[in-house]
Amino acid sequence: MPEDSRLRRWARRRPLLTFSVLAIGLGWIVALPLVVSKAGIGLFDVNVPEEWIMLVATTPTIAALWVQWLSAGNFRISALGRPWWRVLFGAAGAVLLVLLAYTVVPALLLTGGAAGSLHWGAIVTASAGYWINPFNLLGGPLNEEPGWRGFALPRFRLRYGAFPGSVRLATLWIVWHAPLLLVKGWLGIPIWAFIILLLCLTILMTWGASFSGGSIVTAVLMHAVYNSNFPILVGLCRGLPTREPGLAYYVAGAVLTTLIVIGATRGRLGWTGTSPTGDIAGEPG
């Protein structure tokens, strides 16, 4: 254990607050060059490559590692989960849930329930380009999730409960994204839709974490499938007449699926009341 200090005592007593401040602070600072560049608000006539987002995406995990070191003297912020069969089935079920929420249910709503006419092969073909591009995985899922779902989620859940904790984590995640909203082309939907979709994803990912025994693998896969959902949705509905406004049906599909999960689990989202990893340093707070 490192030598005691005021900062370490604070991190030990208030790990969630310390993590939240560090994650947002580091995220905003690292995103600043991209925001003020030509790709952002154009304050400076400089080009910052889009790969810079990969660096921004590491900041929640850096914050988590920092707080874990201060509070416990180690870097154990996430777990692969156990037993292996629970991780395997949990990850598969969680991925299926994201596909349902963000592609299948919206596609059914958009096409008026034309399940027999949907191009189901698009689930594989339309997402293939995403999975072979390392930038996509390093632009969020692999970089962020050890911080969000590995470190923060068990503490939010233990302190506030599964559903309230998920709402708080979603709020933190949304605020962390704020500077990226100023980057041209980064967000292809209105901010209100982005907030709703991210809130639903956070709730579904809490269920996925519980279902898979707290596996970080599940969180990474769910995040990655979410990031690739729009091409899949377009592929499913290709050539079919769809309802308008399309965005409203898309968001409604995610909301409907999330509400069903909340109702079916009575708001517990599969959580039994203890940390799935059994390794939370210090008291939650």
Side-chain angles (χ1 to χ4, degrees), residues 6-8 10-11 13-71 75 77-78 135-156 159-160 165-203 205 216 219-220 223-224 226-227 284-285:
R6 181 178 298 180
L7 180 58
R8 290 186 177 113
W10 175 267
R13 290 194 302 267
R14 295 287 184 269
L16 273 179
L17 178 58
T18 309
F19 167 78
S20 300
V21 172
L22 285 175
I24 291 176
L26 290 173
W28 287 15
I29 290 171
V30 176
L32 187 60
L34 191 60
V35 171
V36 300
S37 72
K38 293 168 66 175
I41 61 177
L43 187 60
F44 296 101
D45 189 20
V46 294
N47 291 308
V48 176
E50 65 174 357
E51 287 78 10
W52 190 267
I53 291 178
M54 292 190 289
L55 185 59
V56 179
T58 64
T59 55
T61 297
I62 292 172
L65 289 168
W66 194 352
V67 175
Q68 182 69 10
W69 171 250
L70 289 172
S71 60
F75 297 111
I77 61 172
S78 58
F135 172 75
N136 292 322
L137 287 175
L138 293 173
L142 286 173
N143 307 45
E144 295 179 37
E145 289 309 325
W148 297 133
R149 251 57 61 170
F151 179 88
L153 174 59
R155 290 162 174 81
F156 272 109
R159 181 175 177 88
Y160 301 106
S166 297
V167 174
R168 286 170 169 82
L169 178 55
T171 302
L172 175 62
W173 200 14
I174 291 166
V175 172
W176 176 85
H177 277 97
L180 296 178
L181 301 178
L182 300 174
V183 177
K184 298 181 181 71
W186 182 83
L187 185 64
I189 57 176
I191 293 177
W192 66 265
F194 174 73
I195 291 173
I196 294 174
L197 293 174
L198 215 61
L199 173 61
C200 291
L201 179 63
T202 305
I203 294 169
M205 290 180 79
I216 193 62
V220 170
H223 191 158
Y226 167 77
N227 282 359

Inset, instruction - Locate the shortest heavy-atom distance separating V56 from P60; write the atom from each residue and the value. - result: O-CD, 4.0 Å

Inset, instruction - Please say whether more than 12 non-hydrogen atoms of neighbouring residues, nucleotides or ligands are located less than 6.0 Å from CD1 in I195. - result: yes

Legend entry - Distance (rounded to the nearest 0.5 Å) between T171 OG1 and L169 CG: 8.5 Å

Legend entry - Side-chain (K184) to main-chain (G40) donor-acceptor, under 3.5 angstrom: yes

Inset, instruction - Please list, chain by chain and in numerical order, all residues satisfying side chain to side chain donor-acceptor pair (under 3.5 Å) with H223, sequence neighbours excluded. - result: E145

Legend entry - Whether over 12 other heavy atoms sit under 6.0 Å from W173 CH2: yes

Inset, instruction - Examine distances only and state if a side-chain atom of S71 and a backbone atom of A11 form a donor-acceptor pair shorter than 3.5 Å. - result: no

Inset, instruction - Write down the atom of T58, the atom of L55, and the distance for their closest heavy-atom approach. - result: OG1-O, 2.6 Å

Inset, instruction - For residues N136 and N227, report the shortest heavy-atom separation together with the two atoms involved. - result: O-ND2, 4.4 Å

Legend entry - Separation of I53 CD1 from W186 CH2 (nearest 0.5 Å): 7.5 Å

Legend entry - Reported CG-to-CG distance for the pair L17 and L22, which is rounded to 0.5 angstrom: 9.5 Å

Inset, instruction - Taking all heavy atoms of A23 and all of A63, pick out the closest pair and write down the distance. - result: N-CB, 3.6 Å

Inset, instruction - Just jot down the ring-ring contact (aromatic ring centres under 6.0 Å, His included) partners of W10, sequence neighbours excluded, or say none. - result: none

Inset, instruction - Could you tell me whether the side chains of S37 and W52 share a donor-acceptor contact shorter than 3.5 Å? - result: no

Legend entry - Side chain to side chain, R149 and V220, heavy atoms closer than 4.5 Å: no

Legend entry - CA sep, side-chain torsions, deciding dist, call: L65, T61, side chain to side chain contact (heavy atoms under 4.5 Å, CB included): CA-CA 6 Å; L65 289 168; T61 297; 4.1 Å; yes

Inset, instruction - For residues L172 and I24, determine if any side-chain heavy atom of one lies less than 4.5 Å from a side-chain heavy atom of the other. - result: yes

Inset, instruction - Check A170 against L199 and note the closest heavy-atom contact, atom names and distance. - result: CB-CD1, 3.7 Å

Legend entry - Pairwise distance CD1(I77) to CD1(I62) - rounded to 0.5 angstrom: 10.0 Å

Legend entry - Taking every non-hydrogen atom, the tightest pair across L153 and M205: CD2-O, 4.5 Å

Legend entry - Gap separating the NE2 atom of H177 from the CG atom of L187, nearest 0.5 angstrom: 9.5 Å

Inset, instruction - To the nearest 0.5 angstrom, please state how far the OH atom of Y226 sits from the OG1 atom of T202. - result: 9.0 Å

Legend entry - Pairs satisfying ring pair (Phe, Tyr, Trp, His ring centres under 6.0 Å), at least one member in residues 14-38, at least two apart: F19-W148, F19-F151

